[in-house]
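Here the structure comes first, spelled out in structure tokens, and everything after it is commentary.
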Amino acid sequence: MDELFEPDGTPRAVARPLVDALERLGHDGLMDAGRRRDAIFVAQAITFETTGEGGATHERPFPLDLVPRILAASEWDSIKHGLAQRIRALNHFVDDVYHGREIVRQGLVPWRLVASCPHFERAVHDIHPPGGVYTHVAGCDLVRDRDGTWRVLEDNVRVPSGVSYVLENRAAMARLVPELFARYAVRPIEHYPQILLRALRAMAPSAASDATVVVWTPGPANPAYFEHAFLARQMGVELVEASDLVVRDDMLYLRTTRGLERAHTVYRRLDDAFIDPLAFRPDSLLGVPGLIRAYRAGNVAIANAPGTGVADDKAIYRFVPEMIRFYLSEEPILQNVETYLLSDPEVLEHVLEHLDTLVIKPTGESGGRGVMIGPDAEESEIVRMRGVLTAEPDRWIAQDLVELSTVPTLGSDGALHPRHVDLRPFAVFGERVDIIPGGLTRVALEEGSLIVNSSRGGGSKDTWVLADGVEPEAPVPTLADTAAPELPDLRFGQWNDQQQQQQQQGPSD
Amino acid sequence: MHFTIRYLSEYRYGGPVTDNLNALRVRPAATLCQQCDEFQTRIAPEARMTRHLDYFGTEVQEFAVVAPHDELTIDVRARAITRAPSPPPDGTWGGLQSRAYLDAAGEYVLPWKDQPATPGLDQLQERIRAESPLQTLRLLCQEIPQRFEYRRGATYVSSDVGHLLETGAGVCQDFAHLAIVLLRRHGIAARYVSGYLWAASTDGGAKSMEVDTHAWLEALLPSAEPGGEPGWVSADPTNSGLADESYVKIGHGRFYSDVPPVKGIYRGTARSELSATVTMARLDLADSALAAA
Amino acid sequence: MLARIARELYWLGRNLARAEFTARAVEAVFQSELHGAIDSVPSVSFGAGGLLTMLGAVDENQPAGTEALAHLTLDGDRPGSMLASVERARDGASTVRDVISAEMWEAINITALGLRGGGQPGWAAAAGPYLSSQYVKERTSLIWGVAGRSMLRDEAKCFLDAGGLIEVSDMVLRMLRVALPGADSPRADGYAPILLKAVGGFHAYLRAVTAPPNAHPVARFLLFERAYPDSVAACVDSLHAAFTAADSGPRNSTPVLRVSRLAADLDFQRRTLPDGAELTGICERTQQELARIDQDVAERYFAGAYAAGTWN
């Protein structure tokens with residue numbers, strides 16, 4: 001389905017003002033805005049590294065499509081509640097897995113599946129994080145199937161990225177094509193960094209309101225470095241690397257120009273394997289030795305908590321609806337995509353017979369790596385996949401193919417073409433779950449393609465969630481008088497002739 | 001048997017080092033046939049020690065020496081009492097499929113994926129298949145020391161079983177790893193055990209001796225009675241048989257890196273030199289109290 | 001603030017100032033060559049073999065001139081070139097993007113983009129070095145302006161400024177030592193106004209000093225005039241203020257004390273040195289002292305990030 005146009009080609013009611021505005025801008029107006037967009041992104045070095053044919057990488061301006069995506073208020077409402085529900089359940093699951101294992105004892109999730117997750121971290125067994133929150137920042141990938149139903153395609157509760165593009169996209173759209181916003185009340189998103197900072201402060205292990213929060217980046221070579229720096233700057237906190245951090249007496253400190261200073265909350269943007277060589281990966285010297293000790297002692301909070309990767313494993317995904325029923329006693333609001341675990345020989349056989357209609361994903365990867373889309377795959381690829389699945393069935397899952405909805409997208413010819421999209425909303429779990437309206441809409445720029453990952457040639461769109469009623473416009477303050485005031489002595493007008501009679505007095509004695 | 005154990009590690013560094021963080025897994029565990037009645041650890045230079053139980057139930061002691069130093073001493077003293085384990089259950093192969101067995105086996109029966117699939121493994125796997133899981137375990141413990149030479153320095157801390165098969169020699173850690181891989185291939189749950197071994201003959205002889213930390217394994221064997229509970233059985237593929245009361249267990253894990261006796265990291269460019277000794281003495285022999293003192 | 005960040009900011013300041021004063025030096029060379037041609041003083045041009053060598057543009061057996069100037073401006077492979085300084089500044093700025101403002105990052109990034117690949121059309125001509133150095137002068141002024149308006153006046157700004165100040169004083173001292181060595185030749189007198197114009201201090205000089213812009217008074221002005229912001233004395237004063245503000249204990253801080261002594265020494269020399277006295281010695285001593293301050297700074301403020309070495 002197309003989200004802006006009816007099947008007969010007329011704009012849907014909600015899209016009519018947008019389509020009108022786009023027509024008024026016209027081909028030239030859009031192309032011109034596109035050129036200005038690229039110039040702005042290059043100037044700010046908001047670029048993305050892509051891997052082309054043959055493995056060569058090159059940088060290009062982050063591909064923001066100028067046609068926004070529109071979500072009605074009611075639609076967003078159900079997405080928001082569905083996501084909040086899902087993230088609460090995932091958080092319960094993480095807590096359960098590292099403590100009581102109730103869900104396993106009830107026979108709902110097989111223990112062997114949990115224990116074989118590559119991101120199940122035994123080193124954080126039995127640690128209680130402050131506030132009982134593990135999944136502070138979550139970015140679940142949503143898609144709409146043929147009839148428009150929203151479904152969750154993947155959960156991401158380790159280090160989801162992309163929120164900086166959401167904010168930069170909105171800022172760029174407001175600069176480039178302000179006229180598109182004219183007849184819509186679009187809900188703001190700019191407060192995301194403040195929401196995040198509030199959550200990071202709330203989880204700090206000290207009662208002090210001046211808890212020191214830091215963003216931990218692997219360094220400028222990381223593809224998401226721009227986002228790390230962006231978030232640190234927007235929150236007004238330090239962006240640190242491993243060499244800036246040291247643990248002494250089970251406390252975390254920053255190396256500053258004035259010696260060591262304590263840090264309370266770390267928003268880390270790197271995987272568990274690289275945060276503490278003593279606790280993880282004995283072959284690695286990266287990270288901050290002792291960090292997990294400080295964490296266990298309750299002296300530092302880590303977002304997201306180490307070990308959350310067990311909840312966004314692609315095999316565990318299949319059980320999320322069960323988790324929602326088990327932990328929350330609620331029915332899932334958002335549906336999963338039908339998923340097949342291949343460790344069951346019967347299921348495996350069924351999947352092997354239908355490889356040409358299914359999507360096959362490796363459980364331990366992210367970012368679309370290693371995914372095979374059955375209907376698009378060459379025969380040789382399917383044959384190869386059959387061998388791989390038979391050899392190691394539990395390293396893969398199969399899913400039904402979801403068609404993905406389309407949104408009109410500006411082509412290089414200046415015309416609009418329908419292109420497939422997904423949506424990654426960003427949730428922050430502090431004292432409650434906050435989700436900023438919309439999220440990152442990723443769009444496949446090739447006709448018919450279902451691959452939306454930016455590392456593989458996808459673009460993005462500004463995502464508008466409409467406010468329920470149109471809010472009254474605030475009065476625009478007028479400019480103050482800007483003429484320079486007159487000099488004090490001029491205030492009294494022109495020169496006047498004045499002579500004073502000399503009247504020297506003598507001494508008063 | 002009643003033992004005193006002294007595990008002394010002395011590190012010398014080529015120059016001053018700082019931020020020396022270590023985690024020790026050295027305390028004899030409390031199990032059905034073993035208890036630890038005295039335990040103390042001394043660190044020089046002095047450092048504050050914290051303790052917790054890890055995922056596998058092993059006690060971990062952690063400390064950090066922050067100020068610059070060029071020597072580190074870890075001096076562990078323990079007393080442990082062991083009893084002979086009860087006779088191993090000799091259930092059938094069919095018992096491996098029971099609900100009770102799989103529940104108890106948990107992750108210890110999952111294939112160990114990081115290990116290379118060499119043809120040598122397949123041969124060995126076939127060779128050790130016997131009438132029952134218990135017989136397989138016994139056969140395995142005889143087969144490994146026959147085929148492989150015990151030689152220090154033949155392998156490294158991080159060696160995998162491919163390395164052992166290739167060089168034909170290794171140490172107890174490698175033997176235990178290989179045995180675990182093979183048992184799991186037969187569907188028998190197996191886990192790695194770290195501990196101390198009184199290597200003298202059990203009928204007396206020496207009252208005090210220098211040994212090393214030792215590694216063996218525990219295999220989960222199905223009960224001989226239908227519906228009975230399976231049981232973990234200790235076996236030592238380095239010394240050709242099931243373990244007895246001369247084994248003092250510290251803890252277990254999936255493999256070595258889940259229960260290393262000492263794991264540490266320090267800051268500095270200086271290299272370190274280690275001298276480590278484990279001295280065991282028996283208290284339950286008539287005049288051994290003198291020897292231990 | 002983080003020791004690593006402080007270090008990056010300090011070097012960002014140094015690299016920006018280096019780029020700016022390289023541009024100024026190029027302009028001085030260019031102007032003096034025009035000047036030389038007009039005065040028909042054959043085979044002598046301001047800084048030939050001197051200024052260029054100082055900036056690392058000339059090899060022993062390579063002719064000076066336009067080609068050397070071109071290297072000095074846009075040859076990214078030469079660490080002393082304007083482009084290389086700007087690229088270093090950009091690299092540094094990209095690692096402190098969260099500390100400096102978005103506007104400042106953008107200003108630095110655009111400057112690097114503008115210089116890359118030979119820069120703008122027309123820069124390949126004979127006047128190219130002059131045009132590109134004009135560009136860098138304009139851009140660095142803009143960057144410092146943006147920094148002044150958009151950055152908090154906190155420790156970060158102190159370190160950025162300190163890096164800039166130490167580099168400016170060093171560059172001014174270098175130019176003085178090369179351009180006005182003897183200060184007693186009429187040729188040096190001729191170059192003095194060119195030097196003044198190049199560093200942008202001509203009008204300031206005319207307003208502050210009554211003597212004609214000959215070598216001696218110009219050198220004294222660039223060394224001692226505390227009212228002129230790019231003079232060595234003014235830079236050292238500002239450096240003192242920056243370190244005092246950034247330091248947790250300025251009363252027993254080696255860099256603060258050393259800067260403070262240097263400021264006092266410069267002031268003493270200004271009052272006691274007779275007009276026309278030789279200035280080369282004090283230039284040299286000041287430069288050495290600045291190098292020591294640089295070391296003190298690294299030890300006191302940046303060591304936290306690196307001193308302890310690697311993990312084993």
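By convention in this document, chain letters (A, B, ...) are assigned in the order of the sequence lines, proteins followed by strands, and residues within each chain are numbered from 1.
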* Modelled atom types, side-chain donor and acceptor of A:Asp155 and A:Tyr317, under 3.5 Å -> no
* **For B:Leu220 against B:Tyr101, the heavy-atom pair lying closest together** => O-OH, 2.6 Å
* Please flag which part of A:Val247 lies under 4.5 Å from any non-hydrogen atom of chain B: side chain, backbone, both or neither. => backbone
* Which of parallel (below 30°), tilted (30 to 60°) and perpendicular (above 60°) describes A:His92 and A:Tyr327? -> parallel
* Output field: ring centroids A:Phe274/A:Phe280 closer than 6.0 Å -> no
* Asked: With a 4.5 angstrom heavy-atom cut-off, which part of B:Leu53 approaches chain A: side chain, backbone, both or neither?
  -> neither
* Segment of B:Phe56 engaging chain A (4.5 angstrom heavy-atom cut-off) -> side chain
